[in-house]
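See structure below.
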Amino acid sequence: MRPAQGGSPIETQNDVTQHDVIVIGGGPAGYAAALYAAGIGLNAGLVEKGALGGTCLHVGCIPAKELLETAHVFRTVSHASDFGVTTSAPELDWDVTMQRKQTIIDQLVAGLGSMMKGRKVTVYNGVGTLGADRVVTVSGEGETQTLTAPSVILATGSLPRTIPGFEVDQKFVMTSDELLSIEALPQRAAVIGGGAIGCEFASMMADLGVDVTVIEALDQILTGCDRDAAKVVARSFKKRGITVHTSAPVHGHSPDPSGSHTSVSFGGDQTVDVDLVVVSVGRRPNADLLDLSGTSVVVDGRGFVEVDGRCRTAEPGVWAVGDLIDTPQLAHVAFAEGMLAVTDSLGEEPAPLDYHGTPWCIYCHPEVAFAGHTEESAIEAGHDVVTSSLRFIGNGRAKIVGDTDGIVKVIAQKLDDGTGGQILGVHMVGPWVTEQLGQAYLAVNWEATVDDVAAFIQPHPTMSELFGESVLSLTGRSLHG
Ligand code: NAI
């Protein structure tokens, strides 16, 4: 039942404060749930032990992309002479970079705080735990508060995973948490894990002059991305001096007795000497502090809270969202889950999210963006497929900006005449593709056909023409491609 606008007033009886909805965790999943609930008119309380914004704002998306933008500026200035612009070789003032990153974070956190105030979300500072009957205890500095609500949403996020032999030591071994605030860049770095975080850090550090080695256990970097697109990134990394080892699990590292560097061993019997090891082998859910023992919420063997398609846990009236559950660990997925949980709590029975069509954006250079099936996964799912893959080297705008490494690959159902039917996936790698994914995302998720999309006009000269041309060439006719 939809509550009256304004929700119930906050009442405190017997020292228990009553809300319509309580959210534990103030990252993208939690703050989205609280803001969305308050926007509907619910009386929302949000419990957060640190600053609002979670991993995304403090040690994830925002600082990582800010440092990648610094790398972009550095790279652009390094190539200024290609445009006839004369400048001295760029130099990096890391302190200024770090200050700029922090200013952006601070502004976004302050904006979030204002939004919370504006929507009258009550923010409780402290560690939230959940007991039976949706009783939430907030342990702050020196005081404890007790809250309850008909709906409680768990959104306590995730932490970087480490691996045995690579414990964070503040000297040689770091995760993303530490790297994003590092005082100075090393000369040589090993990045363990060639996933989204690993590739973004490798790219950023290489652009800024670090000698980078990526060590990945699987047989390709960027698993989940179409192999052809991942190959473009691997080739581009190689051209920029980044060494990538695949099928190479790491074994350990041995600091040199001089204390100046460490030697990482991996693969058969390979080693590399580096000044820093960045461990980016995934993130683990963080249910540790919630103390769920008095509830029927189920935590699986890997630490994820088990939920159904609408993010409901096994405890009535309790939902879990974001990195705490086993769905793509992305801020935009977290936003969607936060809103879904609130909608479900109103009894509106929203449609479960379709994770298969999730948009993915990875901000290394060249950028990667995709939605839907890879060629391999489409075939595995039983589709007869036809693909088209066009390169940015032929695109006018890409030539103008001087950034032509990359492809747009469209994977479609194959019709009897050999042309394309429904678009099953689009995988892009190249300049600004994270900003170009939008129309590909809609095409995949709207289950558009090649003919539907090919009929639309793409503005010229833009990089997004390449998507239009890739789709057009699957109709059996083509223009430039
Ligand atoms: P990931 O799961 O994407 O990649 C980790 C990689 O480490 C995998 O390729 C895995 O095979 C490899 N690995 C694991 N153990 C290893 C070992 N012992 N030796 C060598 N390689 C090993 O995790 P990542 O990159 O840490 O990112 C964590 C999460 O954060 C991801 O799930 C992603 O959703 C999210 N994220 C997304 C970003 C984006 O979309 N732009 C950016 C940063 C993070």
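Positions are given from 1, in the same order as the sequence printed here. First listed ligand is number 1; within each ligand, the first listed atom is number 1.
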Where's the contact between C361 and ligand 1, heavy-atom distance under 4.0 Å: side chain, backbone, both or neither? backbone

Short list, please: which atoms of ligand 1 are under 4.0 Å from a heavy atom of Y363? 41 (N)

Can you tell whether the side chains of D273 and R188 come within less than 4.0 Å, N to carboxylate O? no

Per-residue contact class, W360 against ligand 1 - non-hydrogen pairs under 4.0 Å: side chain

Could you walk me through whether V264 and V250 pass side-chain contact (heavy atoms from CB on, under 4.5 Å), step by step? CA-CA 7 Å; V264 178; V250 288; 4.3 Å; yes

State the atoms of ligand 1, each with its element, that fall below the 4.0 Å cut-off from a heavy-atom position in L330. 34 (O), 37 (C), 40 (O)

Considering only non-hydrogen protein atoms, determine which one is nearest to atom 44 (C) of ligand 1 and report residue, atom name and distance to 0.1 Å. I197 CG1, 3.1 Å

Closest protein heavy atom to atom 38 (C) of ligand 1, given as residue, atom name and distance to 0.1 Å: A196 CB, 3.6 Å

Derivation of the side-chain contact (heavy atoms from CB on, under 4.5 Å) call for F201 and L67: CA-CA 9 Å; F201 283 159; L67 297 185; 5.7 Å; no

When distances are taken from atom 5 (C) of ligand 1, the protein heavy atom at minimum range is S280 O, 3.5 Å

Need the ligand 1 atom indices (1-based, order shown) with element for anything under 4.0 Å from a heavy-atom of K65. 41 (N), 42 (C)

Side-chain heavy-atom pair V408, L390 within 4.5 angstrom cut-off: no

Looking at I362, which atoms of ligand 1 are within less than 4.0 Å of one of its heavy atoms? 41 (N)

Atom 20 (C) of ligand 1 has as its nearest protein heavy atom A217 N, 3.3 Å

If we number the atoms of ligand 1 from 1 as shown, the ones under 4.0 Å from a heavy atom of I192 are 19 (N), 20 (C)

Measure from atom 11 (O) of ligand 1 to every heavy atom in H332, E216, E367 and give the option owning the shortest one. E216

In terms of heavy-atom contacts, does CD of E167 have more than 12 from other residues, nucleotides or ligands at under 6.0 Å? yes

Inspect the surroundings of CD in E435 and state if more than 12 heavy atoms from other residues, nucleotides or ligands are less than 6.0 Å away. no

Candidate pair F266 and H251, rule ring pair (Phe, Tyr, Trp, His ring centres under 6.0 Å), full reasoning: CA-CA 5 Å; F266 61 94; H251 308 307; 8.0 Å; no

Proximal atoms of ligand 1 relative to G195 (non-hydrogen, under 4.0 Å): 3 (O), 4 (O), 6 (C), 25 (O)

Result of checking V173, V278, V279, V168 against E178 for side chain to side chain contact (heavy atoms under 4.5 Å, CB included): V168

Evaluation steps, side-chain contact (heavy atoms from CB on, under 4.5 Å), between L289 and K49: CA-CA 10 Å; L289 298 174; K49 66 179 171 50; 3.6 Å; yes

Distance to 0.1 Å, residue and atom name: give those for the protein heavy atom nearest to atom 7 (O) of ligand 1. G193 CA, 3.2 Å

Just heavy atoms, cut-off under 4.0 Å: does I215 contact ligand 1 by side chain, backbone, both, or neither? backbone

How far is atom 26 (O) of ligand 1 from its nearest protein heavy atom, and which residue and atom name does that atom have? G282 N, 2.9 Å

Protein heavy-atom partner closest to atom 15 (N) of ligand 1 - residue, atom, separation in Å: V281 CG1, 3.6 Å

D228: side chain to side chain donor-acceptor pair (under 3.5 Å) partners, not counting sequence neighbours: K409

Closest candidate by heavy atom, reference atom 31 (C) of ligand 1, pool Q220, Q329, R284: Q329

Looking at the rings of H72 and H365, which for Trp means the six-membered one, are their centres under 6.0 Å apart? no

If you count the atoms of ligand 1 from 1 in the order shown, which ones are under 4.0 Å from a heavy atom of L218? 11 (O)

Protein residue, atom and distance nearest to atom 17 (C) of ligand 1, heavy-atom basis: V250 CG2, 4.0 Å

Interfacing atoms of ligand 1 (cut-off 4.0 Å, heavy-atom, I163): 18 (N)

Give a yes or no on whether a salt bridge exists between R240 and D207, defined as a side-chain N under 4.0 angstrom from a carboxylate O. yes

Of R302, R283, R284, which is the lone residue that meets salt bridge (Lys or Arg N to Asp or Glu O under 4.0 Å) with D326? R302

